[in-house]
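Structure first, then comments.
In each ligand, atom 1 is the first atom listed, and ligand 1 is the first ligand listed.
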Amino acid sequence: MDIKFNKQKIPHHVAVIMDGNGRWAKKKGKMRIFGHKNGVQAVRETIEAAAEMGVKVLTLYAFSSENWSRPKKEVDTLMSLLAASLKKEFKSLQKNNIQLRAIGDLNNLPNKARKELEEVIKKTLNNDRMILNLALSYGSRAEIVNAVKSISKKVVNNELNIENIDEKTINNHLYTFSLPDVDFLIRTSGEQRISNFLLWQIAYAELYFTNTLWPDFKKQNFYDAISEYQKRERRYGKTSEQIK
Ligand code: IPE
Ligand code: IPE
Ligand code: MG
């Protein structure tokens, strides 16, 4: 890493909406899938850059619950690409002491991808340099609905008193229960929307939008994003004077 960052201001949890693969391919006169394949290198660079910098949790939005509505051929290729990448990248996760986790409706994944995922999760369980959290078949509203259901069950079974429900209760019933809130959210490709990603968890995240299409996203792009984050003042409702 060639640039010096303020070590005190490295975001603990960074989340990324990796967008723009299709447009990247189209610009080159290729099929959308070509963009997805070339997006894998950007994933590698981002993981490496984040780990080297001391980010503790990196959540990558790889496939949304809405993405199931894409043409079957694209979905199938994305799922094969996921399984193949997990197989291929396992060694480097291990070498870099990175723990893999996943959030989303993982039961919807095809067997091969799910098995591969479960295996890498199991094998990297004791790694503790950074958590790489993949959002797969993920939808934030579905996650919240699930949380409401499990909390309701506990209330009905007298395991939980309504008066004791607080923000922590909700947090503890989300897929991300053991993870800290998102500090910094990056979205590539110029779109400025959240697309059903981590709605609860980004309540006070700093947002960063870049026009770079995902397959063009390199370590330097990640550094640029972090430099921008370090210039922000997170006030949490207080005045600037109170922060200083
Ligand atoms: C992001 O790129 C990857 C996934 C959503 C799986 P897109 O496939 O959304 O690319 P664009 O937005 O169509 O360019
Ligand atoms: C969001 O991107 C999901 C992922 C990056 C995996 P989309 O391309 O699916 O989102 P929309 O359709 O532009 O909102
Ligand atoms: Mg897109």
(request) Over 60° means perpendicular and under 30° means parallel, so classify the ring planes of Phe222 and Phe217, tilted if in between. (result) perpendicular
(message) Out of Lys27, Glu74, Glu191, Arg23, who is nearest to atom 12 (O) of ligand 1 when you count heavy atoms only?
(response) Arg23
(request) Assess Glu191: does it contribute an N, O or S atom lying under 2.8 Å from the Mg ion (ligand 3)? (result) no
(request) Please confirm whether the backbone N or O of Lys219 pairs with a side-chain atom of Glu45, one donor and one acceptor, at under 3.5 Å? (result) yes
(request) Specify the protein heavy atom at minimum distance from atom 14 (O) of ligand 2: its residue, its atom name, and the distance to 0.1 Å. (result) Ser195 OG, 2.6 Å
(message) Nearest N/O/S atom of Asp19 with respect to the Mg ion (ligand 3), by atom name, please.
(response) OD1
(message) Tell me whether Gly20 reaches ligand 1 (any heavy atom closer than 4.0 angstrom to a ligand atom).
(response) yes
(request) Write out the residue and atom name of the closest protein heavy atom to atom 8 (O) of ligand 2, then the distance separating them to 0.1 Å. (result) Asp19 OD1, 3.2 Å
(message) Can you check which of Asn21, Ile17, Ile194 brings a heavy atom nearest to atom 1 (C) of ligand 2?
(response) Ile17
(message) Quick test of your reading of the model: are Glu206 and Arg232 salt-bridged, counting only N-O distances below 4.0 Å?
(response) yes
(request) May I ask you to identify the nearest protein heavy atom to atom 13 (O) of ligand 2, giving residue, atom name and distance to one decimal place in Å? (result) Arg193 NH2, 2.8 Å
(message) Applying a heavy-atom cut-off of 4.0 Å, say which part of Leu213 lies close to ligand 1: side chain, backbone, both or neither.
(response) neither
(message) Side chain or backbone, does Asn67 bring an N or O within less than 3.5 Å of an N or O on ligand 2?
(response) yes
(request) Flag the pair Glu118 and Arg114 as a salt bridge only when some basic side-chain nitrogen lies within less than 4.0 angstrom of an acidic carboxylate oxygen. (result) yes
(message) Tell me whether Lys123 forms a cation-pi arrangement with Phe90, defined as NZ or CZ under 6.0 Å from the six-membered ring centre and within 45 degrees of its axis.
(response) yes
(message) Suppose I only count heavy atoms of His36 and a 4.0 Å limit; which atoms of ligand 1 are within that range?
(response) 3 (C), 8 (O)
(message) Regarding Gln99 and Asp128, do their side chains bring together a donor and an acceptor under 3.5 Å, going by distance alone?
(response) no
(request) Could you pull out, from Glu66, Arg187, Met18, the option with a heavy atom nearest to atom 10 (O) of ligand 2? (result) Arg187
(request) Could you say whether the N/O atoms of Arg32 and ligand 1 ever approach to under 3.5 Å? (result) yes
(request) Let me see the working for Phe63 and Leu82 under side-chain contact (heavy atoms from CB on, under 4.5 Å), right down to the final yes or no. (result) CA-CA 10 Å; Phe63 195 87; Leu82 169 66; over 6 Å; no
(request) Give me the one residue out of Tyr223, Phe5, Phe184 that meets ring pair (Phe, Tyr, Trp, His ring centres under 6.0 Å) with Tyr229. (result) Phe184
(request) Compute whether any side-chain donor of one residue and acceptor of the other, for Ser240 and Lys244, lie under 3.5 angstrom apart. (result) yes
(request) Would you check if there is a donor-acceptor pair between the side chains of Trp24 and Asn38 at a distance under 3.5 Å? (result) no
(request) Check the side chains of Asn161 and Asn164 for a donor-acceptor pair under 3.5 angstrom, ignoring hydrogens and angles. (result) no
(message) Please classify the Phe63 to ligand 2 contact at 4.0 Å (heavy-atom distances, strictly less than): side chain, backbone, both or neither.
(response) backbone
(message) Below the 3.5 angstrom mark, is there an N/O of Gly22, backbone or side chain, next to an N/O of ligand 1?
(response) yes
(request) Return yes or no for this condition: an N or O of Arg70 is under 3.5 Å from an N or O of ligand 1. (result) yes
(message) Show the atoms of ligand 1 that are less than 4.0 angstrom away from any heavy atom in Ala62.
(response) 6 (C)
